[in-house]
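Each chain gets a letter, A, B and so on, in the order the sequences are listed, and its residues count up from 1.
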Amino acid sequence: MPKKPNAYERYLAEQMADPEFRAEFERERREIETIDAIVNALDGLRDERGLTKAELARQIGKNPASVRRLLTASGNPELRTVVAMANALDADITIVRRSHGRARRTAA
Amino acid sequence: MAWGVTFYRSSTGKVPAQEFLATSPPNVRRKLLVILEVVRAAPPPAFSGGGMWEAMHGTMNGYYEVRATRPGRRNYRLYCILDNGTKTELAKRGFDEPHIVVINGLVKANASLFSDGDYRRHVRKLGEHYRATLPRPVAA
């Protein structure tokens with residue numbers, strides 16, 4: 001038997017009954033999930049390589065704080081813009097590991 | 001395991017988080033609800049947070065903040081508790097799955113801070129009531 005919706009779920013359903021609210025909700029949700037997937041993928045690859053955020057920043061000639069911000073917080077307006085544009089154009093952005101990527105760094 | 005989202009209900013029957021959302025501007029309300037749904041779909045630590053969902057520290061340790069920041073305007077925050085445990089523990093609390101419990105919301109001007117008194121009165125006091133009560137006081 002389906003579970004009875006609680007007050008939160010009923011409240012959300014009421015809001016979603018408005019087509020304009022729903023469309024914007026879904027758009028924002030796609031954007032947040034895409035950014036999250038990109039950030040998680042990059043951070044996962046960094047971790048696999050055994051690199052700290054500071055080491056990754058040095059490799060690309062950036063300030064460690066800017067890499068930390070990108071991987072942990074919302075301080076990446078350019079990424080948000082790129083994702084919003086892709087969404088508006090019905091496209092996805094994904095991080096794909098190169099098949100000829102460098103070997104994983106091993107602990108000394 | 002799937003997570004649920006629920007509103008805290010006070011001892012007087014009020015549902016502060018729902019009242020907060022109802023009085024928030026529509027675009028803020030939408031953003032806060034989107035974040036809750038994204039976290040529900042990818043519960044911690046899966047969701048990176050992106051500055052929109054942050055674990056709190058210090059006196060607010062154990063609470064999570066949902067942030068809808070509108071540059072140059074007011075900043076809207078929801079405060080949540082993650083209620084998780086074994087199946088037996090959850091059953092005692094009245095749940096059959098872990099829950100994101102939305103306790104209350106606060107609003108502040110850009111670049112200002114909430115005082116610890118604000119957190120104590122509007123969040124921790126309610127959170128303490130929530131944690132001290134079995135089954136959990138939530139809005140059915």
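In this structure, the portion of Glu9(A) lying under 4.5 Å from any heavy atom of chain B is its side chain and not its backbone. Both the backbone and the side chain of Glu28(A) come within less than 4.5 Å of a heavy atom in chain B. Contacts between Asn40(A) and chain B at a heavy-atom distance below 4.5 Å involve the side chain alone, from C-beta outward. Looking at Ala22(B), both its backbone and its side chain come within 4.5 Å of chain A, counting heavy atoms on both sides.
Contact count against chain A (heavy-atom pairs under 4.5 Å) is highest for Leu21(B) among Val15(B), Leu21(B), Val138(B). Among Arg9(B), Arg67(B), Arg29(B), the residue making the largest number of heavy-atom pairs under 4.5 Å with chain A is Arg29(B).
A 6.0 Å sphere centred on CG of Asp92(A) holds no more than 12 heavy atoms belonging to other residues, nucleotides or ligands. No more than 12 heavy atoms of other residues, nucleotides or ligands lie within 6.0 Å of NZ in Lys14(B), so this atom counts as exposed by the packing criterion.
Atoms CZ and CG, from Phe21(A) and Asn27(B) in turn, are 10.0 Å apart once rounded to the nearest 0.5 Å. Rounding to the nearest 0.5 Å places CZ of Arg30(B) at 14.5 Å from CZ of Arg29(A). A distance of 5.5 Å separates OH of Tyr8(A) from CZ of Arg40(B), quoted to the nearest 0.5 Å.
Pairing each heavy atom of Ala41(B) with each of Glu33(A), the nearest pair is CB-OE2, 4.5 Å. In plain terms, the two heavy atoms of Asn6(A) and Val5(B) that are nearest each other are ND2-O, 2.9 Å.
Hydrophobic clustering (ILVMFWY, side-chain heavy atoms < 4.5 Å, transitive): Leu78(B) and Phe25(A) are in one cluster. The same ILVMFWY cluster, assembled from side-chain heavy atoms under 4.5 Å apart, contains both Met56(B) and Val123(B). There is a path of hydrophobic side-chain contacts, each under 4.5 Å, that joins Leu36(B) to Leu82(B). Cluster annotation: Tyr119(B) and Phe20(B) are assigned to distinct hydrophobic clusters (Ile/Leu/Val/Met/Phe/Trp/Tyr, side-chain heavy-atom contacts under 4.5 Å, transitive). When the side chains of ILVMFWY residues are joined at heavy-atom separations under 4.5 Å, either directly or via intervening members, Ile100(B) and Val34(B) end up in a single hydrophobic cluster.
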Please output the side-chain donor-acceptor pairs of residues 127-134 of chain B that fall under 3.5 Å, not counting sequence neighbours, one pair per line with the distance.
from	atom 1	to	atom 2	distance (Å)
His129(B)	ND1	Tyr8(B)	OH	2.7
Tyr130(B)	OH	Asp83(B)	OD2	2.5
Arg131(B)	NH2	Gly62(B)	O	3.3
Thr133(B)	OG1	His129(B)	O	2.5

Please walk me through it: do Ile32(A) and Lys31(B) pass side-chain contact (heavy atoms from CB on, under 4.5 Å)? CA-CA 10 Å; Ile32(A) 292 172; Lys31(B) 182 69 174 279; 4.1 Å; yes
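Residues Lys3(A) and Asp96(B) form a side-chain contact, since some pair of their non-hydrogen atoms from C-beta on lies under 4.5 Å apart.
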